[in-house]
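Heavy atoms only: backbone and side chains are in, while hydrogens, waters and symmetry mates are out. Within every chain, numbering begins at 1; the chains are lettered A, B, ... in the order of the sequence lines, protein sequences first and strands thereafter.
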Number of protein chains: 2
Amino acid sequence: MQKTVVELEKASHVLKLLGDKTRLTIMAILKQRECCVCELLEVFDMSQPAISQHLRKLKDAGLVKEDKRGQWIYYSLNPQNELYDFIQDILQHVPDQTENIRKIEETNPTLRCGC
Amino acid sequence: MQKTVVELEKASHVLKLLGDKTRLTIMAILKQRECCVCELLEVFDMSQPAISQHLRKLKDAGLVKEDKRGQWIYYSLNPQNELYDFIQDILQHVPDQTENIRKIEETNPTLRCGC
DNA sequence: CATATATATAAGTAAATAGTTATATAATCA
DNA sequence: TGATTATATAACTATTTACTTATATATATG
């Protein structure tokens with residue numbers, strides 16, 4: 001398989017971002033399912049601004065994109081990123097997040113309003 | 001190909017270690033060639049203790065092993081590490097270090113004594 | 001329009017991190 | 001044995017980081 005060679009500076013920046021437990025978990029969840037902030041809040045024992053700040057860093061690095069729908073902003077992995085296959089190669093080693101997604105869907109914050 | 005799934009805690013710890021430019025470069029060099037501290041000193045604009053401290057962290061995490069030969073300690077990647085294939089998957093995206101190895105061999109610190 | 005909800009931003013803080021210099025340890029060699 | 005070389009450790013410091021709480025912005029809804 002053809003592997004993208006990533007500039008060392010860029011590679012270390014991405015690895016530093018993924019080198020945080022919360023952000024790595026967010027990325028692994030977003031690989032399986034787009035989420036808004038309030039959904040991710042169900043997974044982490046952390047304030048809403050903390051989640052928003054992590055997503056900001058991931059977005060600034062282009063790892064994640066946002067899709068504004070009504071009052072929600074849905075986050076997902078950004079396949080346009082030049083490092084996408086590098087990131088995929090990393091995420092394939094990270095545990096499945098079905099259990100965390102179950103947690104989200106149990107409470108289902110987005111659907112509280114019935115939309 | 002069979003991919004090892006790495007505990008999230010362990011994965012983020014390794015990614016954090018590799019998320020430093022100096023350490024990532026060290027790992028990429030060691031993938032191509034074992035080195036002692038004095039050799040790595042040729043590559044980085046940094047003090048000897050700084051390099052030693054980075055190697056210590058990599059060793060503590062099992063990413064690197066040491067082989068003491070005379071007054072030198074040769075560092076190399078540790079293939080015994082349970083995360084070895086995870087690390088390889090990351091390093092394959094990192095630029096070739098031949099240029100840095102040339103720098104080392106130009107001065108060739110280990111061979112100054114003629115051993 | 002007033003209220004509620006979702007999210008972002010700002011400001012502050014404690015802890016972690018990556019470097020520094022000084023010094024200790026250990027092996028080699030004259 | 002004394003000097004030199006290779007490396008590690010200790011102590012310190014500036015910077016970065018990951019949170020916190022308070023507040024602002026934006027959308028939806030009664």
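Between A:Leu30 and A:Cys35, some side-chain heavy-atom pair lies under the 4.5 Å cut-off. Using a 4.5 Å heavy-atom threshold, the side chains of A:Leu77 and A:Gln88 count as touching.
Within 4.0 Å of B:Tyr75, counting heavy atoms only, lie sugar-phosphate atoms of the nucleic acid but no base atom. Here A:Arg69 lies out of heavy-atom contact (under 4.0 Å) with every strand.
Between A:Arg23 and B:Pro49, the residue anchored nearer the 5' end of DNA chain D, judged by the nucleotide with its closest heavy atom, is B:Pro49.
There is a side-chain donor-acceptor pair under 3.5 Å between B:Glu66 and B:Tyr75. Looking only at atom types and distance, the side chain of A:Gln97 has a donor-acceptor partner in the side chain of A:Asn100 under 3.5 Å away. Between the side chains of B:Gln80 and B:Tyr84, no donor-acceptor pair of N or O atoms lies under 3.5 Å.
Between B:Leu24 and the options B:Ile29, B:Val94, B:Leu17, a side-chain contact (heavy atoms from CB on, under 4.5 Å) holds for only B:Val94.
Atoms CD and CD, on A:Glu105 and A:Glu42 in that order, are 11.5 Å from each other to the nearest 0.5 Å. Atom CD1 of B:Ile51 is separated from atom CZ of B:Arg23 by 11.5 Å, given to the nearest 0.5 angstrom.
Proximity of residues 12-22 of chain A to DNA chain D (heavy atom under 4.0 angstrom from any strand atom) is restricted to A:Lys16, A:Asp20, A:Thr22. Residues from residues 51-63 of chain B with heavy atoms under 4.0 angstrom of DNA chain C, sorted by number: B:Gln53, B:His54, B:Lys57.
Among C:dT21, C:dT5, C:dA26, the nucleotide with an atom closest to any side-chain atom of B:Lys68 is C:dA26. Checking D:dA8, D:dT5, C:dG19 against the side-chain heavy atoms of B:Met46 singles out C:dG19 as nearest.
Between B:Ile26 atom CD1 and D:dT7 atom P the separation is 13 Å, expressed in whole Å.
Regarding contacts with the backbone of C:dT20, a side-chain N or O of B:Ser47 is found under 4.0 angstrom from either OP1 or OP2.
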